[in-house]
Amino acid sequence: MMLALVDIQSGNLHSVENALRAAGAADVTITADPDRISRADRIVLPGVGAFGACAANLRAVDGLESALRKRVLEDGAPFLGICVGMQLLAQHGEELGHHLGLGWFEGSVRRLDAAGTDAKVPHMGWNDVQPSGNHPLVHSGEAYFLHSFAYEGGEVIASTDHAGPVAAAIGRDNIVGVQFHPEKSQRYGLDLLSRFLKWRP
């Protein structure tokens, strides 16, 4: 089983790779090569930083977006987006301007609003993950968050509380995105990655 860890020049790829290996992945390939991604058995898209920069980096690689779309949306390969990698699934993001996402989910990414509360932005640290149902990957527990923008839209499968409900995970069919960082979430994160490696949606 080959797992493609998509390199869009954003985020701590090696921390995610190490966490995937600790969770049981034997064949992790860090790549932005559309040909390799089109043959991957599973795909993980991490992202750290600004939505627009991550989207631009992804689209700077000729054929990458179409390879992801075909392999995930048409072929049904299991997909996990992490942090900005989850946010990119939305139609657009509003960080430092208006930027198009992949558009796989009907939603947008907007700045967290903690005005009038004790909560701070960015939302940083450990917080509860509260599933809205019984999803095979995303269970209740505590995970590590670090973000100033959040997904707003449909198909939210888990939330957290930061001056109100915030999407912690979204999902549909063979696609899951998590706002938190599994690679920084200790046992909770490793357990989620382990379930992802065994997941057969």
Side-chain angles (χ1 to χ4, degrees), residues 1-11 13 16-17 20 25 27-110 135-138 147 149-158 167-182 192-193 195-201:
M1 182 188 74
M2 192 272 274
L3 186 150
L5 182 57
V6 183
D7 182 5
I8 55 170
Q9 303 297 310
S10 168
L13 282 171
V16 179
E17 179 189 15
L20 285 164
D27 186 3
V28 180
T29 300
I30 297 176
T31 184
D33 183 347
D35 289 335
R36 287 192 174 188
I37 287 167
S38 68
R39 298 193 303 270
D41 298 292
R42 296 174 190 275
I43 298 171
V44 176
L45 175 63
V48 173
F51 182 104
C54 290
N57 288 348
L58 190 155
R59 293 193 169 104
V61 180
D62 188 40
L64 177 55
E65 182 176 3
S66 59
L68 284 169
R69 179 175 294 276
K70 182 182 185 305
R71 190 64 183 138
V72 177
L73 297 186
E74 296 180 22
D75 298 344
F79 175 94
L80 176 65
I82 296 174
C83 196
V84 181
M86 166 192 140
Q87 295 179 1
L88 288 174
L89 300 177
Q91 293 168 308
H92 66 271
E94 299 179 0
E95 186 173 4
L96 303 177
H98 187 280
H99 307 278
L100 292 178
L102 293 171
W104 295 1
F105 284 67
E106 291 188 10
S108 58
V109 176
R110 297 188 172 99
H135 194 276
L137 293 194
V138 183
H147 63 114
F149 286 74
Y151 172 86
E152 297 178 7
E155 299 176 290
V156 174
I157 59 173
I170 60 177
R172 180 186 70 244
D173 302 329
N174 56 307
I175 305 169
V176 166
V178 295
Q179 181 62 69
F180 53 85
H181 289 270
L192 183 148
L193 294 176
R195 291 190 292 270
F196 173 71
L197 295 173
K198 300 170 185 174
W199 188 34
R200 300 196 179 278

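Sequential numbering from 1 along the given sequence is applied to the chain's residues. As the structure is a computational prediction, the values presented were derived from the model and not from experiment.
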Do the non-hydrogen side-chain atoms of Ile82 and Leu45 ever get within less than 4.5 Å of each other? no
Name all residues meeting the side chain to side chain donor-acceptor pair (under 3.5 Å) criterion together with Asn174; count only those two or more places apart in sequence or in a different chain, and write none if there are none. none
Does anything in residues 88-100 form a side chain to side chain donor-acceptor pair (under 3.5 Å)? List the pairs, not counting sequence neighbours. Glu94-Arg110
Find out whether Cys54 and Leu88 are in side-chain contact, i.e. whether some heavy atom of one side chain is under 4.5 Å from a heavy atom of the other. yes
What I'd like to find out is whether the side chain of Pro136 reaches to under 4.5 Å of the side chain of Trp199, using heavy atoms alone. yes
Result of checking Leu80, Leu5, Val6 against Ile43 for side chain to side chain contact (heavy atoms under 4.5 Å, CB included): Val6
Could you list the residues that satisfy side chain to side chain donor-acceptor pair (under 3.5 Å) with Arg71, not counting sequence neighbours? Asp75
Is the side chain of Arg200 donor-acceptor paired with the backbone N or O of Pro78 at a distance under 3.5 Å, no angle test? no
Residues at least two apart in sequence or cross-chain that pass ring pair (Phe, Tyr, Trp, His ring centres under 6.0 Å) with Phe79, listed by chain then number, are Trp104
Can you list every pair that meets side chain to side chain donor-acceptor pair (under 3.5 Å) and has a residue in residues 79-88, with sequence neighbours left out? Gln87-Gln179
Would you say the side chain of Leu68 lies within less than 4.5 Å of the side chain of Leu58, judging by non-hydrogen atoms? yes
Using side-chain heavy atoms (C-beta onward) and a distance below 4.5 Å, is Phe105 in contact with Ile175? yes
Heavy-atom distance under 4.5 Å between the side chains of Leu3 and Leu197, does that happen here? yes
Side chains of Phe196 and Val44 in contact at under 4.5 Å (non-hydrogen atoms): yes
Salt bridge (Lys or Arg N to Asp or Glu O under 4.0 Å) involving Arg59 - partner list, sequence neighbours excluded: Glu65
Would one find more than 12 heavy atoms of other residues, nucleotides or ligands at under 6.0 Å from atom CD of Glu74? yes
Find out whether Arg195 and Leu192 are in side-chain contact, i.e. whether some heavy atom of one side chain is under 4.5 Å from a heavy atom of the other. yes
